[in-house]
Each structure stands twice: as structure tokens, then as C-alpha cells.
Amino acid sequence: MIMSARRIFTTTERTIESLGISHDIYSLSILIDCFCRLHLVNFGFSILGKIIKFGLEPNTVTFTTLIKGLCIDGKINGAVDFFNDMVAGGYQPDVHTYNVIVNALCKCGKTNVAIELLKGMVERGCEPDVVTYNAIVDALCKDKLVIEALDLFSQMRNKCISPNVVTYTCLIQGLCNLGKWNQALALLKEMAGQNISPNIITFSILIDNLCKEGLVSKAQEIMKIMIQQGVKPDVVTYNS
DNA sequence: ATAGGGTTAG
């Protein structure tokens, strides 16, 4: 595995060089991304070394790609450390950079740290967007902290960051998990008012939870609405 | 001009 990875690394380099194509920060950042997706983040860091050796300047994209590579490998602490190094080195993280870290923190159960980072980015003048909020709203809902999730939901609206179908779907799921399907249905209505179309996932969550509550006729009602809106039930919907 | 972020369900 290690040998073949190294071979990929060196032959990629030789091939590009033998074609007479010179590297720039774009191609090298793409190369870093490729290695990171192959779980070869260390090779990504060797590319960073090459960038510096070539006298090129790594930028926010280069760093963000490496941070994501560390997250892909579950090295969340390493990712946070490298993020701090980046900031200490005078490089400004942007909303993409923050979203990579926030998402990784949320996915590994460190929702509180993610919320701290959300506060931190605002203080640094980097505005969060719907992606940032969705990650945290989803994590809070999965932690059964729906009140906190709804609080964040109103916070984002105060900032004029429009929630989308994912935001609503996460909240609906969170409410359903606590048996608050009435509130979940209210959110479904609210979506219509906001011109946000529920999708197959939104509908399936509602149908599944209504069935579990023994409200099968209500579930069938939702399924009718779903079909009316042109969303085709799938195997998940029918299983429910 | 060319590169980087999430996406929710049984």
C-alpha cells in the first residue's frame, strides 16, 4: 500500500514534468486535493513542501484542502492545529475553511467546539453562511437539543441568511425524534410560505415518524401531498 | 480564466 502510494506520487510528478507542464498554485492545490481524497494526506503535505521549494505562495485554498484532508482521515485535532498554524502564519481563513472544520467537529460529536468556532468566525469578520448553520443545526438536532437548534435557526434569519430545504429537514427530523410531530408539520407549512420545496427526504422523515406514532392516515395524507408536488415516493418511503 | 466547503431519510 505504502509502496504503491509512493509510486502514484512520484509517477504523477514525473508525468507532469515530462509533459513540460509547469506547476502553479492551482495545479498543485488540485494535486493536494487528489491525494487527500485517496487518504494520502501526508503526500498532500509533501506537495505543500514542494510549493514552498518552488517559491510559490500557498494560499487559503491550499490550506483549506489540507485541512479537509486531515478531517477525511478523522484527524480533527490535527486539522484544528493546522488551522491555528495557518492563522498564526498570517493566512486568513474564509467561510470555506471554517465550514470544513465546523462540519468535521459536528460529525464527530464536538458540537460545542463547533459553536465556539461559529462565534469566533463572526468576531474575525468572516460571516457564516447556510452551510455553516446547517452543520450545527443538524448536530444539535441529533443531540436532541432542538430548542438550541431552533434558537440558531432564528439567529440565522436575523442575519438574513436564508434557511434552505436541508435546514428545515434537519429541524423536522429533530422535532419528530422528540415526538413533536405537530411542530414538525408546522415547519412543513412554513416552508411553503418561504417558497422552499420539501424533497423526498423531508417527506420520508415525516411519513416515517407519523407511522411510528400510529398516525397512518396522516402519513397517507402527507404522501398524497408529496405526489401532488411531483415528488415520487421511493423504497425508503414505502418501507416506512 | 484555471483550485477549496454541506446535503438532511428507512
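Below, each value reflects all heavy atoms present in this structure, side chains not excepted, and no hydrogens, waters or symmetry copies. In what follows, every chain begins at residue 1, and chains take the letters A, B, ... in the order their sequences are listed. Please read all numbers here as calculations on a predicted model, not as lab measurements.
- Applying the salt bridge (charged side-chain N to carboxylate O under 4.0 Å, His left out) test to pairs two or more places apart or on separate chains, those with a residue in residues 191-216 of chain A are A/Asp208-A/Lys212.
- Classification of the A/Phe82-A/Phe45 ring pair by plane angle, with boundaries at 30° and 60°, yields perpendicular.
- Between A/Ile205 atom CD1 and B/dG10 atom C1' there is a gap of 10 Å when expressed in whole angstrom units.
- Closest to the A/Asp208 side chain, of the nucleotides B/dT2, B/dG10, B/dT8, is B/dG10.
- Put simply, A/Lys142 has a side-chain N or O that comes within less than 4.0 Å of OP1 or OP2 on B/dA9.
- Straight-line distance from the CG atom of A/Leu187 to the C1' atom of B/dT8: 14 Å, rounded to whole Å.
- Each of B/dG4, B/dG6, B/dA3 was ranked by its minimum atom distance to the side chain of A/Tyr26; first place goes to B/dA3.
- If you check the side chains of A/Thr60 and A/Asp94, you find no donor sitting under 3.5 Å from an acceptor.
- Proximity of A/Asn103 to the phosphate of B/dT7: a side-chain N or O atom is located under 4.0 Å from OP1 or OP2.
- The A/Ile25 side chain lies nearest to B/dA3 when the options are B/dG4, B/dG10, B/dA3.
- Note on A/Val166: a base of the nucleic acid sits closer than 4.0 angstrom, heavy atoms only.
- In the set B/dG4, B/dT8, B/dA3, B/dG4 carries the atom at the smallest distance from any side-chain atom of A/Asp94.
- The distance from atom CE of A/Met86 to atom P of B/dG4 is 16 Å, rounded to the nearest whole Å.
- The side chain of A/Thr65 lies closest to B/dG4, out of B/dG4, B/dA3, B/dG10.
- Evaluation of atom-type donor-acceptor distances gives a pair under 3.5 Å for the side chain of A/Asn199 against the base of B/dT8.
- Among the protein residues, A/Thr202 comes within range of no part of the nucleic acid, since none of its heavy atoms lies under 4.0 Å from any strand.
- Relative to the side chain of A/Ile201, the nucleotides B/dT8, B/dT7, B/dA3 differ in distance, and B/dT8 lies closest.
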Name the atoms and distances for all side-chain donor-acceptor pairs under 3.5 Å in residues 164-175 of chain A, with sequence neighbours left out.
{"unit_1": "A/Asn164", "atom_1": "OD1", "unit_2": "A/Asn134", "atom_2": "ND2", "d": "3.2"}
{"unit_1": "A/Asn164", "atom_1": "OD1", "unit_2": "A/Val166", "atom_2": "N", "d": "3.0"}
{"unit_1": "A/Asn164", "atom_1": "OD1", "unit_2": "A/Thr167", "atom_2": "N", "d": "3.1"}
{"unit_1": "A/Asn164", "atom_1": "OD1", "unit_2": "A/Thr167", "atom_2": "OG1", "d": "3.0"}
{"unit_1": "A/Thr167", "atom_1": "OG1", "unit_2": "A/Asn134", "atom_2": "OD1", "d": "2.6"}
{"unit_1": "A/Thr167", "atom_1": "OG1", "unit_2": "A/Asn164", "atom_2": "N", "d": "2.9"}
{"unit_1": "A/Thr167", "atom_1": "OG1", "unit_2": "A/Asn164", "atom_2": "O", "d": "3.4"}
{"unit_1": "A/Tyr168", "atom_1": "OH", "unit_2": "A/Arg157", "atom_2": "NH2", "d": "3.3"}
{"unit_1": "A/Tyr168", "atom_1": "OH", "unit_2": "A/Glu190", "atom_2": "OE2", "d": "2.8"}
{"unit_1": "A/Thr169", "atom_1": "OG1", "unit_2": "A/Val165", "atom_2": "O", "d": "2.6"}
{"unit_1": "A/Thr169", "atom_1": "OG1", "unit_2": "A/Thr202", "atom_2": "OG1", "d": "2.9"}

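- Spacing between atom CG of A/Asn59 and atom C1' of B/dG4 amounts to 9 Å, rounded to whole angstrom units.
- In this structure, the CG atom of A/Leu152 is 18 Å from the P atom of B/dT8, given to the nearest Å.
- Checking side-chain atoms of A/Asp85 against main-chain N and O of A/Ala88 turns up no donor-acceptor pair under 3.5 Å.
- Side-chain N/O atoms of A/Asp138 and base N/O atoms of B/dG6 include no donor-acceptor pair closer than 3.5 Å.
- Regarding A/Gln173, its CD atom lies at a distance of 11 Å from the P atom of B/dT8, rounded to whole Å.
- A/Val235 comes within 4.0 angstrom of a base, heavy atoms only.
- With B/dG10, B/dG4, B/dA9 as the candidates, the nucleotide lying closest to the side chain of A/Asp234 is B/dA9.
- Atom CG of A/Asn164 and atom C1' of B/dT8 are 9 Å apart (whole Å).
- Here A/Val102 lies out of heavy-atom contact (under 4.0 Å) with every strand.
- Using a 4.0 Å heavy-atom cutoff across all strands shown, A/Thr237 reaches no nucleic acid atom at all.
- Between the side chain of A/Thr64 and the base of B/dG4, a donor-acceptor pair under 3.5 Å is found.
- Taking every side-chain heavy atom of A/Ser204 into account, B/dA9 is the closest of B/dA9, B/dG4, B/dG6.
- In this structure, A/Leu56 is a member of the same hydrophobic cluster as A/Leu48, with clusters built from ILVMFWY side-chain heavy atoms closer than 4.5 Å.
- Computed from coordinates, the A/Asn177 CG to B/dT8 C1' distance equals 12 Å when rounded to whole Å.
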